[in-house]
Novice: 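Pasting in a structure now, in structure tokens, and then I'll have a few things to ask.
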Amino acid sequence: MKPALEVLPTAALASQAAADRFTVAAGDAIRARGRFVVALSGGSTPLHMYERIAAGAHASAVDWTRVQVLWSDERCVPSDDAQSNYRMARETLLDHVPIPQANVHRVRGEDEPVEAASAYEGVLRRVLATSAERPGGSSGGRVDLVLLGLGEDGHTASLFPGMVDVHESQHWVRAVHAPAVVPPWRVTFTPAAINAAVAVDFLVTGSAKAAIVRDVLEGLHRPHELPAQLVAAASGRVTWVLDAAAAAGLRKA
Ligand code: 6PG
């Protein structure tokens, strides 16, 4: 299934569109399955999207007692560190909506990375109420929405070029050491965990991302170098929400 594209004129409108998609996905999942399991992305792009979800209409439109929050990746830093994806989401969204603290499942970035990843895999299995051996297995619960960004090198979550076992199918979460980024240790969903989701939404904005968006979406398929190309939800929907600047290199935008 080819990814869907939503191209908005500005970054602000793209953030708004992504926030609207979050709210619709939450309502659909809660109506269909009684809950909404979402994996938040990190970095800077989603900041304004989270602020819009927390603002007025969006916040009241969601039954936050039925929302379970995970992270598609996290930096291995304490939860109050400026680099923490949990801290960013807490400050922009979670502190502003009535979500029970028990429904917020952060990665323990302060712990030893491999242990933190192993513990988080257990959290994921508990939240999804599955003992399925591999992501997306028949009895495997599914994350309803995985949010992702895109790095200028083609990484997504913390799946970095040249560092992804593209055939990994057993684990949901891994610890990765990426010397080129700060901090180098990360905990990330695996491609299999991402692709087991009901839906995956990328939010990418800005002219600096135009070349990599074109390479990922319209270039040669080389997922080892461009890990974002590994995202192709098996039976779910992948949508790229872009602003015009990030979509400027696409032939088919
Ligand atoms: C992270 C993210 C990462 C991010 C991209 C884009 O922890 O940094 O998960 O994958 O989405 O690096 O980051 P920006 O939104 O800051 O450009």
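All values below come from the heavy atoms of this structure, side chains included, with hydrogens, waters and symmetry mates left out. Numbering of residues begins at 1 and proceeds along the displayed sequence. Both counts, for ligands and for their atoms, begin at 1 and track the order of listing.
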Novice: Regarding Glu6 and Arg21, does a basic nitrogen lie under 4.0 Å from an acidic carboxylate oxygen?
Specialist: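 Salt bridge present between Glu6 and Arg21.
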Novice: Give the residue and atom name of whichever protein heavy atom lies nearest to atom 6 (C) of ligand 1, and the separation in Å to one decimal.
Specialist: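 Going atom by atom, the protein heavy atom closest to atom 6 (C) of ligand 1 ends up being Leu150 O, 3.5 Å.
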Novice: Between Ser158 and Asp73, do the side chains contain a donor N or O and an acceptor N or O under 3.5 Å apart?
Specialist: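 Yes, side-chain donor-acceptor contact under 3.5 Å.
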Novice: What do you reckon, does Glu152 put a non-hydrogen atom under 4.0 Å from ligand 1?
Specialist: no
Novice: Can you list the atoms of ligand 1 that are under 4.0 Å from a heavy atom of His155?
Specialist: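 Answer, ordered by atom number: 3 (C), 5 (C), 10 (O), 12 (O).
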Novice: For atom 15 (O) of ligand 1, what is the nearest protein heavy atom, given as residue, atom name and distance?
Specialist: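 Result: Thr45 OG1, 2.6 Å.
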Novice: Would you call Arg186 and Glu74 a salt bridge, taking side-chain N to carboxylate O under 4.0 Å as the test?
Specialist: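 Here Arg186 does not pair with Glu74 in a salt bridge, since their nearest N and O are not under 4.0 Å apart.
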Novice: So which protein heavy atom does atom 8 (O) of ligand 1 come closest to, and at what separation?
Specialist: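 Looking only at protein heavy atoms, the one closest to atom 8 (O) of ligand 1 is Arg75 NH2, 2.8 Å.
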Novice: May I ask you to check whether Phe189 and Trp172 place their ring centers less than 6.0 Å from one another?
Specialist: no
Novice: Looking at Arg174 and Asp165, is any side-chain nitrogen of the basic one under 4.0 Å from a carboxylate oxygen of the acidic one?
Specialist: no
Novice: Does ligand 1 have any atom that is closer than 4.0 Å to a heavy atom of Ala157?
Specialist: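 Per 4.0 Å heavy-atom rule, Ala157 contacts ligand 1.
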Novice: State if Lys209 counts as touching ligand 1 under the rule of any non-hydrogen atom under 4.0 Å.
Specialist: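 It does, in that a heavy atom of Lys209 comes within the 4.0 Å cut-off of ligand 1.
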Novice: Run the numbers on Asp144 and Arg33 for salt bridge (charged side-chain N to carboxylate O under 4.0 Å, His left out), then give the verdict.
Specialist: CA-CA 10 Å; Asp144 294 296; Arg33 292 177 289 281; 2.6 Å; yes
Novice: Taking N or O atoms only and a 3.5 Å limit, does Ser41 qualify as a polar contact for ligand 1?
Specialist: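 Between Ser41 and ligand 1, no N or O pair is found under 3.5 Å apart.
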Novice: With nothing but distance in play, are any N or O atoms of Thr156 less than 3.5 Å from an N or O of ligand 1?
Specialist: no
Novice: Could Arg106 and Glu110 be called an ion pair, given the rule that one side-chain N must be under 4.0 Å from one carboxylate O?
Specialist: yes
Novice: Mark up the atoms of ligand 1 that fall under 4.0 Å of a heavy atom belonging to Ser44, in ascending order.
Specialist: 14 (P), 15 (O), 16 (O)
Novice: Closest heavy-atom contact between Pro100 and Thr65?
Specialist: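 Between these two residues, the closest heavy atoms are CD-CA, 3.9 Å.
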Novice: Return the closest protein heavy atom for atom 9 (O) of ligand 1 as residue, atom name and distance.
Specialist: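 Going by distance alone, atom 9 (O) of ligand 1 is nearest to Asp73 OD1, 2.6 Å.
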Novice: Heavy atom to atom 11 (O) of ligand 1, shortest distance: which of Gly43, Gly149, Ser84 holds it?
Specialist: Gly149
